[in-house]
Amino acid sequence: MSDRNGTFEDGGPPPAGLRARLRWGDPPGALHDGPRRYLMMRADVLMGMLRALPPEDRARAADALARSVAEHGADSVRAYARQAGGDPRALLAATAAAAADLGWGDWRFDASPARLGLRVAGSPFAEGFGSSDAPVCAPIRGMLRAVAAAVAGADGEARELRCRACGDPVCEFEATWPAR
């Protein structure tokens with residue numbers, strides 16, 4: 001696991017971060033990490049779309065977004081896992097570093113054999129949405145599901161337990177998977 005400075009507990013540096021691998025303008029107007037294309041977008045633009053939906057449609061759209069992030073984010077997780085040499089702790093550190101590089105907040109994982117917890121300070125999704133009666137950080141929930149599947153070797157469920165948009169101090173998530 002990494003500390004606040006992004007170093008491993010043994011004092012060594014984490015693998016090269018996503019920011020160092022991003023290629024800007026190749027081709028013009030594109031942003032890539034290897035074959036994976038990224039885009040920069042204001043959080044309030046994305047989350048404003050969800051906010052504009054009626055609550056029942058918002059929940060369905062957020063779930064679809066979480067599923068899409070889990071599906072497509074798994075490709076990024078596989079790249080981080082290769083970079084981490086198959087070490088689950090290094091994978092979590094690389095994922096947290098990539099999340100920070102992408103502006104997805106400050107991620108802190110808490111791993112156990114049957115659960116992967118995640119605390120996120122500064123979620124752009126909560127900030128972009130504004131005040132809410134329900135958790136709104138579906139993209140992080142989806143990415144946690146992809147990370148948990150890689151760590152556990154099994155697909156499971158991820159849920160947001162607390163959300164800054166609901167007035168909590170940080171966003172908290174939990175992923176669980178079936179016992180093996």
Side-chain angles (χ1 to χ4, degrees), residues 17-19 21-80 91-92 94-109 116-151 155-177:
L18 174 64
R19 196 177 329 171
R21 294 191 317 269
L22 289 174
R23 289 187 338 270
W24 295 79
D26 179 22
L31 175 61
H32 282 92
D33 172 24
R36 292 164 299 283
R37 184 167 181 180
Y38 284 81
L39 92 122
M40 293 183 67
M41 171 184 275
R42 286 179 35 172
D44 58 347
V45 171
L46 174 64
M47 300 310 289
M49 180 272 306
L50 285 177
R51 188 173 189 76
L53 295 171
E56 61 278 2
D57 293 340
R58 182 182 307 148
R60 288 186 19 228
D63 286 344
L65 180 56
R67 285 191 308 275
S68 180
V69 170
E71 177 185 344
H72 299 288
D75 184 48
S76 294
V77 171
R78 284 188 293 275
Y80 305 157
L91 169 60
L92 296 178
T95 301
D101 284 349
L102 291 171
W104 282 40
D106 183 19
W107 289 28
R108 303 283 175 216
F109 287 102
L116 182 60
L118 173 62
R119 291 177 56 98
V120 177
S123 165
F125 308 107
E127 183 179 320
F129 190 92
S131 182
S132 177
D133 293 334
V136 300
C137 300
I140 296 173
R141 180 169 37 103
M143 195 63 183
L144 177 62
R145 184 175 175 188
V147 171
V151 168
D155 195 23
E157 295 298 320
R159 59 192 183 115
E160 188 170 4
L161 306 172
R162 289 172 191 72
C163 186
R164 180 84 174 123
C166 297
D168 294 304
V170 296
C171 298
E172 292 187 24
F173 304 82
E174 173 183 72
T176 57
W177 46 86

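Using a distance-only test at 3.5 Å, with no hydrogens or angles considered, no donor-acceptor pair links the side chain of Arg145 to the main chain of Ala175. Distance alone, capped at 3.5 Å, is enough to place a donor-acceptor pair between the Glu160 side chain and the Cys137 backbone. A donor-acceptor distance shorter than 3.5 angstrom exists from the side chain of Arg58 to the backbone of Leu53, with no hydrogens or angles considered. With hydrogens and angles disregarded, a donor-acceptor distance shorter than 3.5 Å links the side chain of Thr95 to the backbone of Leu91. Judged by distance alone, the side chain of Arg108 and the main-chain N or O of Arg119 form no donor-acceptor pair under 3.5 Å. For Asp168 (side chain) and Cys163 (main-chain N/O), a donor-acceptor pair under 3.5 Å exists by modelled atom type.
One distance of note links OH of Tyr38 with OG of Ser76; it measures 3.0 Å at 0.5 Å rounding. Note: Glu127 CD to Asp44 CG = 8.5 Å, rounded to the nearest 0.5 Å. From Phe109, atom CZ reaches atom CZ of Phe173 across 10.5 Å, with rounding to the nearest 0.5 Å. Put simply, CZ on Arg78 and CZ on Arg36 are 9.0 Å apart, with the number rounded to the nearest 0.5 Å. Going from atom CE of Met47 over to atom CE of Met41 covers 11.5 Å, rounded to the nearest 0.5 Å. Here the CG-CG distance, from Leu116 to Leu144, works out to 5.0 Å after rounding to the nearest 0.5 Å.
Annotation for Arg37 and Ala30: closest pair NH2-CA, 3.7 Å, computed over non-hydrogen atoms. Taking both residues in full, the closest heavy atoms of Leu31 and Met40 are given as CD2-CG, 4.1 Å, listed atom of the first, atom of the second, then distance. In terms of heavy-atom proximity, Gly105 sits nearest to Val120 at CA-CG1, 4.3 Å. Closest non-hydrogen pair, Ser131 versus Arg51, comes out as O-NH1, 3.0 Å. Residues Arg164 and Pro169 approach most closely at CD-O, 3.4 Å, considering heavy atoms. Minimum interatomic distance between Val77 and Ala150 (heavy atoms only, all atoms of both residues): CG1-CB, 3.5 Å.
No side-chain heavy atom of Trp107 sits less than 4.5 Å from a side-chain heavy atom of Leu92. Inter-residue side-chain proximity for Asp101 and Leu22 is flagged as unmet; no heavy-atom pair is nearer than 4.5 Å. The closest side-chain heavy-atom distance from Val45 to Met49 is not below 4.5 Å. Inter-residue side-chain proximity for Pro139 and Trp104 is flagged as met; some heavy-atom pair is nearer than 4.5 Å. Looking at heavy atoms from C-beta onward, Ser123 lies in side-chain contact with Ile140 at the 4.5 angstrom threshold. Between Val69 and Arg141 the shortest side-chain heavy-atom distance does not fall below 4.5 Å. Arg159 has its side chain out of reach of Pro135: every pair of non-hydrogen atoms, C-beta onward, lies at least 4.5 Å apart.
By the neighbour-count criterion of 12 heavy atoms within 6.0 Å, atom CD of Glu174 is densely surrounded, having more than that number from other residues, nucleotides or ligands. The 12-atom threshold is exceeded at CZ of Arg23, counting heavy atoms of other residues, nucleotides or ligands nearer than 6.0 Å.
Between Arg60 and Asp57, at least one side-chain nitrogen of the basic residue sits less than 4.0 Å from a carboxylate oxygen of the acidic one, meeting the salt-bridge criterion.
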